[in-house]
Amino acid sequence: MDLEQFRIDRKDGVATVTFDRPPVNAQNFRTRTELTWVFDTLSDDPDIRCVILTGGGKVFSAGADIKERRGMTAQRGDYIRHNRVTRESFYAIRDCAKPVIGAVNGPAIGAGYALMACCDILLASETAYVQMPEIDVGLAGGAKFLELFPRTKARMMFFTGRRVPAQELYRLGIVEECLAPEALMPAALAMAAEIAQKSPVALARNKHAFNTVEEMSLREGYRFEQGVSAELSLTDDTREAQRAFAEKRKPVFGKR
């Protein structure tokens, strides 16, 4: 696919995906089509072990392009297609076989927050904030993604449209670090490089396990994870990791 709104930079097993639709990285149909293609492609790329998602400019994403909705009608199935494409773009990030670090460089509003919420690990610039202003334009959607927040905080955000700054996101444990703008990408790249040293097979299976057990009871979830661990124990990567541990050296893993 010829990308118009995203850039992909690959280096040493890490892919940095930059959403670049000036001025505020608003999301339209093209955005979501490209986003799905990007993460599906990286999911299957054997040379990539970790992905970073960030925004170009000073905004991570200002959310949905509201102008696009004005011409939509129920009679042509516009809303059905729109909702399907929107869902799948978010879940292309969540379902990506590689861990995804969200480097939130600025405001993440509405659907922009959903993008970051689908990442596995979040780092934020001090200039970032989260806002869910759907109620101000007469819409709903996205409340499920607010499960990262405590119940009353989530509902306050949705019913008022108030902003939650990066420092508060860090206090609540929603982002791993709150950094000066110039320190954000170096920190994300350093973490991605650390992850990229791990077994690609183990990374993929453990990410799948995380996503799966979130919807299970404790007993069933742990049973599922035990099964994943048993499967991994039979792989060449696991045997190599255990040999390297015993021999006090770095393991040399194959490709996924």
Taking atom [atom1] of [X] as the centre, report whether more than 12 heavy atoms of other residues, nucleotides or ligands fall under 6.0 Å from it.
X	atom1	value
Glu247	CD	yes
Arg249	CZ	yes
Arg162	CZ	no

With side-chain contact (heavy atoms from CB on, under 4.5 Å) as the test, pick out the partner of Asn105 among Thr18, Val59, Thr54.
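So the option named by the test is Thr54.
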Please check this pair: side chain of [X] against backbone of [Y], looking for a donor-acceptor N/O pair closer than 3.5 Å.
X	Y	value
Ser233	Ala230	yes
Glu34	Glu4	yes
Thr238	Leu234	no
Asp136	Gly161	no

Rounded at 0.5 Å granularity, tell me how far OG1 in Thr33 sits from CG in Leu3.
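Interatomic distance, Thr33 OG1 to Leu3 CG, rounded to 0.5 Å: 11.5 Å.
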Quick one: does [X]'s side chain get under 4.5 Å of [Y]'s, heavy atoms only?
X	Y	answer
Lys11	Leu189	no
Ile93	Cys119	yes
Leu35	Gln27	no
Arg205	Glu231	yes

Electrostatic pair [X]-[Y], nearest N-O below 4.0 angstrom:
X	Y	answer
Glu88	Arg84	no
Glu240	Lys250	no
Asp95	Lys207	no
Asp120	Arg94	no

Using the test side chain to side chain donor-acceptor pair (under 3.5 Å), find all partners of Arg223 that sit at least two apart in sequence or belong to another chain.
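Applying side chain to side chain donor-acceptor pair (under 3.5 Å) to Arg223 gives Glu220.
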Is the ring centre of Phe60 less than 6.0 Å from the ring centre of Tyr113?
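That pair fails the under 6.0 Å test.
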Check the hydrophobic clustering (I, L, V, M, F, W, Y; side-chain heavy atoms under 4.5 Å; chains of links allowed) and say if [X] and [Y] are grouped together.
X	Y	value
Val51	Phe6	yes
Leu169	Leu148	yes
Ile8	Ile52	no

Between Asp237 and Ser199, a side-chain donor and acceptor under 3.5 Å
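There is such a pair (donor and acceptor under 3.5 Å, judged by atom type) between the side chains of Asp237 and Ser199.
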Would you tell me whether Asn28 and Gln5 have side-chain atoms, one donor and one acceptor, within less than 3.5 Å of each other?
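Yes, Gln5 and Asn28 have a side-chain donor paired with an acceptor closer than 3.5 Å.
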Provide the full list of side-chain hydrogen bond (donor to acceptor under 3.5 Å, both in side chains) pairs with a residue in residues 169-190, sequence neighbours left out, each pair given once.
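Every side-chain hydrogen bond (donor to acceptor under 3.5 Å, both in side chains) pair that includes a residue of residues 169-190, provided the two are not neighbours, is Glu168-Arg171.
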